[in-house]
Amino acid sequence: MPTVGVLALQGDYEAHAGALRRAGAGVVEVRTAEEPQRIDALVIPGGESTSMLKLMDYYGLFEPLRQFGLRKPVFGTCAGAILLAKEVLNPSQPSLDLLDMAVERNAYGRQLDSRVVILSGHSLGDGDLEAVFIRAPIIRRVGQGGEVLASYLGDPVLVQFGRHLVATFHPELSSDNRVHARFLAKIGNGSNGAK
Ligand code: GLN
C-alpha cells in the first residue's frame with residue numbers, strides 16, 4: 001500500500017485524506033520538511049495558493065517539496081494545480097515550477113465562484129464525472145508531456161503529466177474515487193513526461 005502525503009498547511013486537505021484512504025492508500029499529513037522523506041507521492045490540495053505559498057516558505061517546505069516533485073508523483077487540485085504550474089497569471093506569482101503549463105487564477109469570474117458540473121467527455125472510463133469548481137483557475141496552456149483527460153467548456157480541467165496529475169476542480173469533494181485511483185495507479189511506475 002503506497003503512503004501518500006497530503007500537504008496540510010491550509011485548504012481542504014482532510015477531504016483528500018479521506019478520498020485517498022477510500023482509494024486504498026495510507027495517508028500522512030505533511031507539515032514539516034521531514035515528512036516528504038516518508039512518502040511515496042504527494043497531494044497538494046485546493047485552498048488559497050498565495051496563503052499556501054507563504055506557509056510553505058514559513059515552514060521551510062518550498063524547496064523540499066520541489067525536490068520531491070522532481071523525483072516522485074505529485075497531484076495538485078485547484079490551488080495545488082496553481083502551485084505546480086510553470087506559469088501563473090492573474091496575477092503572476094511564484095510556484096514550484098514542476099509542470100509545463102500556464103494557469104490563470106480565478107478565471108471563471110465571480111458568477112462562477114462555485115459550481116458543480118457533470119463532465120461527460122473524459123478518459124476515466126464509463127460514466128459521467130462530477131466536477132466541483134470553487135474559484136477555479138483555467139489552464140490556458142498545456143505544454144510538453146501533458147495529456148488532457150477531461151475538459152469543461154473547451155478548457156482542460158484534468159491533465160496527466162507523466163507521473164503527475166492536476167485537476168482544476170475538487171475530486172475530493174465527490175464520492176467518485178476514479179480521479180484519486182488514477183493518481184495512485186501511477187505511483188511506483190516511474191513514468192516520465194514532466195520535469
Ligand atoms: N482561487 C484560489 C487560488 O487562486 C484557488 C481556489 C481553490 O483551490 N478552490 O489560489
Side-chain angles (χ1 to χ4, degrees), residues 4-20 27 29-31 41-59 61-62 65-66 69 73-119 122 129-142 146 148-153 155-161 164-180 182-183:
V4 180
V6 182
L7 186 62
L9 299 176
Q10 193 265 344
D12 72 336
Y13 54 87
E14 281 177 357
H16 267 294
L20 288 163
V27 177
E29 291 188 354
V30 173
R31 290 193 184 83
L42 175 73
V43 171
I44 305 183
E48 219 286 319
S49 55
T50 309
S51 311
M52 255 189 265
L53 269 175
K54 285 188 186 141
L55 292 166
M56 276 160 56
D57 236 15
Y58 182 80
Y59 289 104
L61 273 165
F62 190 90
L65 295 183
R66 182 173 149 71
V74 182
F75 176 23
T77 57
C78 205
I82 295 167
L83 291 171
L84 291 173
K86 186 184 189 68
E87 192 183 353
V88 180
L89 312 162
N90 190 37
S92 155
Q93 70 182 15
S95 74
L96 295 169
D97 185 14
L98 286 167
L99 302 179
D100 185 14
M101 63 175 189
V103 296
E104 181 183 338
R105 296 176 62 200
N106 303 316
Y108 291 100
R110 284 187 171 257
Q111 285 88 339
L112 282 185
D113 255 8
S114 169
R115 158 177 287 206
V116 182
V117 305
I118 299 297
L119 305 175
H122 62 80
L129 186 67
E130 182 182 272
V132 180
F133 291 95
I134 304 170
R135 304 202 73 213
I138 291 182
I139 298 174
R140 294 296 186 193
R141 181 182 65 81
V142 175
V148 177
L149 302 181
S151 300
Y152 172 59
L153 299 178
D155 296 306
V157 295
L158 180 66
V159 185
Q160 181 95 51
F161 282 87
H164 303 305
L165 189 65
V166 288
T168 58
F169 58 97
H170 288 260
E172 73 285 3
L173 298 181
S174 300
S175 55
D176 187 335
N177 269 340
R178 281 178 292 174
V179 178
H180 286 84
R182 170 84 185 203
F183 179 58

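Order of appearance sets the numbers: ligands from 1, and atoms from 1 within every ligand. Position 1 is the first residue of the sequence, and the numbers go up from there. Quick caveat: nothing in here was measured; it's all calculated off a predicted structure.
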Aromatic ring pairing Phe75/His180, orientation class (parallel under 30°, perpendicular over 60°, tilted between): perpendicular

Among the heavy atoms of Met52, does any lie under 4.0 Å from an atom of ligand 1? no

I'd like to know whether CD of Glu14 has more than 12 heavy-atom contacts from other residues, nucleotides or ligands below 6.0 angstrom. no

Gly46 heavy atoms within 4.0 Å reach ligand 1 at atoms 8 (O)

Using a plain distance cutoff, I'd like to know if His170 has any nitrogen or oxygen under 3.5 Å from a nitrogen or oxygen of ligand 1. yes

Could you tell me whether Cys78 and ligand 1 have an N or O pair separated by under 3.5 Å? no

Taking the ring of Tyr152 and the ring of Phe169, is the distance between their centroids below 6.0 Å? no

Tell me which part of Arg105 gets within contact of ligand 1: side chain, backbone, both or neither, using heavy atoms under 4.0 Å. side chain

So is there a nitrogen or oxygen of Ala79 less than 3.5 Å from a nitrogen or oxygen in ligand 1? yes

Which part of Thr50 is near ligand 1, with near meaning a heavy atom under 4.0 Å away: side chain, backbone, both or neither? neither

Gly47, Pro137, Ser49, Ala136: member with heavy atom nearest to atom 5 (C) of ligand 1: Gly47

Kindly confirm or rule out an N or O of Ile82 lying under 3.5 angstrom from an N or O of ligand 1. no

Do you know which two heavy atoms are closest between Gln93 and Ser49, and how far apart they sit? NE2-OG, 2.9 Å

With a 4.0 Å cut-off on N to O distance, would you call Glu48 and Lys54 a salt bridge? no

